[in-house]
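Just so it is clear: chains get the letters A, B, ... in the order the sequence lines come, proteins before strands, and each one is counted from 1. None of these values were measured; they are calculated from a predicted model.
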Protein chains: 2
Amino acid sequence: MRKRVSMKDIAKELQVSTALVSYVLTGRENEKRVSIEMAEKIRKVAKDLNYKPSQLARSLRGGATMTIGLLLADIANPFFASLARIIEDEAAKRGYVVLIGSSDESAEKSASLLDTFIDRQVDGFIIVPTEGSKEQIESLMEKNNAIVLLDRYFPDLNTSHVCLNNYNAIAEATTHLIQKGHNKIVMFVYQSSQIPMQERVRGYVETMKGLNLERNIKVVEVPYSFTKLEKERLIKMTLQNDINIDAVIFANNSLTIIGLYAIYQLGLKVPEEIAIIGFDGSEVFDFFYAPLTYVEQPLVEIGIKSVETLIGIIEGATEIKQFELAHTFHIRNSS
Amino acid sequence: MRKRVSMKDIAKELQVSTALVSYVLTGRENEKRVSIEMAEKIRKVAKDLNYKPSQLARSLRGGATMTIGLLLADIANPFFASLARIIEDEAAKRGYVVLIGSSDESAEKSASLLDTFIDRQVDGFIIVPTEGSKEQIESLMEKNNAIVLLDRYFPDLNTSHVCLNNYNAIAEATTHLIQKGHNKIVMFVYQSSQIPMQERVRGYVETMKGLNLERNIKVVEVPYSFTKLEKERLIKMTLQNDINIDAVIFANNSLTIIGLYAIYQLGLKVPEEIAIIGFDGSEVFDFFYAPLTYVEQPLVEIGIKSVETLIGIIEGATEIKQFELAHTFHIRNSS
DNA sequence: TAGAGGTGCTTAAACGTTTAAGCATACTTT
DNA sequence: AAAGTATGCTTAAACGTTTAAGCACCTCTA
């Protein structure tokens, strides 16, 4: 790599100090009373030499790296990939660059990725917290880092967050199924103490209770650590063992897709033998033999709000903002 | 944010020079003849103060940022998302961090993202080049940057690259269809002068010629700029207007998925009325009413090879490495 | 006993910015 | 004519590392 062109080179060329060059190239020539002629000369030489400021030096000196650390569960998961895309675009608009990491829902990986982000001195964090990462978040908070939690949060941690109103989403789905005449509804969720799952369960449970279907409540907890095949088997067994089940709600995207494999293999008629409600949307939902009714999250809004909020904090905002955004419910053939 | 702990703090604490601290903490205490006792003390204080080196300062001084710029077409596309995941993991293993950008196949966005990468002084680039970005790559090459092209390349540019052996992949697919008794095979590709598309077309055309089916050759070029709906419409019209068509090959992932929507809407029986071969795999392929026969790319191998090659170049390798990796052909119900 | 060599440390510059402080010089004002 | 102020620039330190060069001091060898 050829030697970088630095302010020093421009300064030398014009026999002036680097201070002057800095003033002009950061657009503070008026404030710093640089003569118009000199400003022009500096800009010209900068252009001629194809000068590019070193973000590195700027960051070292100024403290800000204009970098955001984004910790997701898995970037290969379409839900997070889309979110990442939106966040990157939004961040780029504001001059920020995004470092992405995938925790795979492991607290260990989460810790190690957060450490990397710290080493890189990111200005702020957007985090989809995994189970068991509460202490990590707390430790970041103690050090006064800018943080926005995404998709999930810890109720006893006073952080900004952006997520879905999970209760409402599932409550509407449950109500819809009941109105359609289903009442033996089973819900598949990930075994998780995290708020979103809890809220989704609550949305289901309370709605069932409210319509006097308490005795029909059935929540199946699928361990996240299961392989795809094990999850599929658990779903199949559940549906086979209780033939009264006439509807299922899958509490998230990957469970929905795995669930579809299970139902497909069981050869169940949808929605006659079983109605299905999925989560987050996917092309798969369109191609399943009964196009799926599903809950859609407002991805764009979630992405933009999280970046906005984070940059707000980075720039000094102290107010804690907690967004619970509204879902969209798409009714199609599976219910 | 609390003030950072720097080497200076450690040095002050022990009344020594920062040089000594640096020698110890970068593990060169022997080489630099630091006494064992002193080394121990320094390590202890570093730990007590929870010292974290500043990558920023290190980079500024040393030149290397331990950062890779990864330019994709679109991170929200599952193919690229999976690739990104593999590349990140592989890079992380070697101490590198990855900056990701999505060009949307636009040369302008590509230029602007590459500029961002340059500003951030990435040590190397992994690039899925878009049409019209040849000059950008050339300009990077002139400045002696470490570059690996991914998925595509420019034949007259002497860069390292990692991609699929596209010719073989489509040749096998074509042969398979013909063996199954299809001979009016149409291929849908993106309008693109890029090598991979050209090679895929060549794989189809030469195979057809080789089996005396020259007059049946039909390649439909879909403009990338079309909306999803326009693409779908073009595919539908093609299949409706020529009722002799008995098989289709979709030359990439997104065309396959859009094509499936089209075929689904036309209500064609698969493979009786039309056989289908898809590209890259997707859960959708499993749920289509005839699970799809498709060409799979060796994602993991592609990802790892590209990182390996790039880091090789960063570390001084001058040899140009060009990989054309082998596909896997999955035969299922659609053909 | 002088020189060679080893040991354990320090000094100071360098990477490329930003920025507070200061210094001439010229022009106004009273 | 002295004081004030505006103009246009420079100086030098700072951010947190790395590293070449050098300085004492000690021990060995011939």
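- Distance R58(B) CZ to dC15(D) P: 18 Å, rounded to the nearest Å.
- Residues A81(A) and I75(A) share a closest heavy-atom pair of CB-O, 3.4 Å.
- Between R4(A) atom CZ and dC15(C) atom P the separation is 12 Å, expressed in whole Å.
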Give me the distances for all protein-to-nucleotides 9-11 of chain D N/O pairs that come in under 3.5 Å?
unit_1  : atom_1 : unit_2 : atom_2 : d
dC9(D)  : OP2    : S35(A) : N      : 3.0
dC9(D)  : OP2    : S35(A) : OG     : 2.9
dT10(D) : OP2    : S17(A) : N      : 2.8
dT10(D) : OP2    : S17(A) : OG     : 2.9

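- Every side chain to side chain donor-acceptor pair (under 3.5 Å) that S54(B) has, sequence neighbours left out, goes to Q121(A).
- The interatomic distance linking E29(B) (CD) with dG8(C) (P) rounds to 12 Å, in whole Å.
- Contact check on E13(A) versus K41(A) returns no salt bridge, with no Lys/Arg side-chain nitrogen under 4.0 Å from an Asp/Glu carboxylate oxygen.
- Around the CD atom of E324(B), the shell of radius 6.0 Å holds more than 12 heavy atoms that belong to other residues, nucleotides or ligands.
- Among the protein residues, S59(A) comes within range of no part of the nucleic acid, since none of its heavy atoms lies under 4.0 Å from any strand.
- Rounded to an integer number of Å, the gap from CD of Q55(B) to P of dG16(D) is 15 Å.
- Relative ring orientation between H161(B) and Y153(B) is described as parallel, the plane-to-plane angle staying below 30° on a 0-90° scale split at 30° and 60°.
- If you measure from atom CG of D119(B) to atom C1' of dT17(C), you get 14 Å, rounded to the nearest angstrom.
- Within the structure, a side-chain polar atom (N or O) of S22(A) is placed less than 4.0 Å from OP1 or OP2 of dT18(C).
- Of all heavy-atom pairs between F125(A) and I118(A), the closest is CZ-CG1, 4.0 Å.
- Summarising the geometry, the separation between CZ on R61(A) and C1' on dG16(C) is reported as 11 Å, rounded to the nearest angstrom.
- OP1 or OP2 of dC15(C) sits under 4.0 Å from a side-chain N or O of K8(A).
- Taking 4.0 angstrom as the limit, R28(B) places none of its side-chain polar atoms (N or O) nearer than this to OP1 or OP2 of dT18(D).
- Atom CE of M7(B) is separated from atom P of dC15(C) by 19 Å (rounded to the nearest Å).
- Put simply, NZ on K41(B) is 12 Å from C1' on dC9(C), counting in whole angstrom units.
- Minimum interatomic distance between E131(A) and Q194(A) (heavy atoms only, all atoms of both residues): N-NE2, 3.4 Å.
- Closest-nucleotide positions on DNA chain C for P53(A) and E37(B) were compared, and the one nearer the 5' end corresponds to E37(B).
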